[in-house]
Amino acid sequence: MQIKMKYYSKKDMQLFKWKSYFNSSLKIISCILFISFTLIAHSQTSKDYIKLLTAEREQLWRLDSITLNSNYAELKKEMVVLFKLNNKAIVFDGASQKKDTISWYLTKKERYAILSLGEIGQYEIDFLRKNNLRYMRLRNEITIQKNINITEYFFTPSKL
Amino acid sequence: MGMIAISMCIAWFISERKFRLSEMNKRSTYSRLSNLTERIIGAYGTDSLANWDSAFSHEFYDVGTIPPEDSSTLLAMRRFKFELHDKLDGMINILDSAKLSEAGQDLIFACQLQIFRISKAPKEIAENN
């Protein structure tokens, strides 16, 4: 049996070297990109929520719909809220034309965040997008008990 | 005396068999739940997702196959169910688009933990004896 040996020129060797450098650098870059994307995906802090909630102090959130048939006991129908950076929220009651100032604060848990709204209550807060529309969703904190209904309140942003 | 000893042995054997069967059932339930969750996380089409959702509800969520004392799995299941509904409803979480996957991972982890506990329990009992 004859073994054929192939000899490479210096130029070829250089080219191989460059190719291997390029491949390894590509691997390193993709690794860095992957890690940074993963870090970004898992780095939701209170600040991220607050940024969307206050939207530079000029965004009103209007209660648009709820998922369960409720009498809107906690959050009133057509209610509009303006969240300010000083942890005060101005609540406009659409029906009675009343205006109240309440305090708000946000607590970040591992997988979700809780918004405390003065005397009104505590809700899990999410920012969602559906059909190019943005929503802020407030809902009662999810518990193990299935018999406790979770009411979901959907707010849409509207400018001042 | 001999009869009493034999009947005690038979009773012990029956109870041991029942215990082993129930442990096997529990392990199989957690394993099936874990597999189904993994499939749901990996599903791409809405149709397949809807099918898996119905299987998830009928086989686990609505029928109470998970014992009430296992609060961590029950809570993980409930959160996963809500995330699944969001996905089926076409809702995208702006701050965390991988929320369904994360909730699924939590549920899988809770199942694996239970499987580990079930597998470990007979050994512990044997060691204590």
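Residue numbers begin at 1 in each chain, while the letters A, B, ... track the order of the sequences.
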Roughly how far apart are B/F82 CZ and A/E152 CD, rounded to 0.5 Å? 6.0 Å

Which residues in residues 84-91 of chain B have any heavy atom lying under 4.5 Å from a heavy atom of chain A? B/D86, B/D89, B/G90, B/M91

Under 4.5 Å heavy-atom distance to chain A, tell me which part of B/K99 shows up: side chain, backbone, both or neither. side chain

Given the ring of B/Y61, does A/K146 sit roughly above its face, with NZ or CZ under 6.0 Å from the centre of the six-membered ring and within 45° of the axis? yes

Cluster overlap B/L36 with B/V63, hydrophobic side-chain contacts below 4.5 Å: no

Most contacts with chain B, counted as non-hydrogen pairs under 4.5 angstrom, among A/L133, A/L52, A/T143: A/T143

Do A/Y123 and A/I150 sit in one hydrophobic cluster, given that two such residues count as connected whenever their side-chain heavy atoms are within less than 4.5 Å of each other, even indirectly? no

Is A/F127 reachable from A/W104 through a run of hydrophobic residues whose side-chain heavy atoms are each under 4.5 Å from the next? yes

Hydrophobic cluster membership, with links at side-chain heavy-atom distances under 4.5 Å among I/L/V/M/F/W/Y: are A/I114 and A/L75 in one? no

Would you compute the distance between atom CD1 of B/I94 and atom CG of A/D48 and round it to the nearest 0.5 angstrom? 12.0 Å

Looking only at non-hydrogen atoms, find the nearest pair between A/R111 and B/E102 and report the distance. NH1-OE1, 3.8 Å

Can you measure from CD1 (B/I92) to CZ (A/R134) and round to the nearest 0.5 angstrom? 13.5 Å

Roughly how far apart are A/I125 CD1 and B/L95 CG, rounded to 0.5 Å? 9.0 Å

Which atoms of A/E124 are under 4.5 Å from chain B, going by heavy atoms: the side chain, the backbone, both sets, or neither? side chain

Rounding to 0.5 Å, atoms CG (B/D96) and CG (A/L128) come to a distance of 11.0 Å

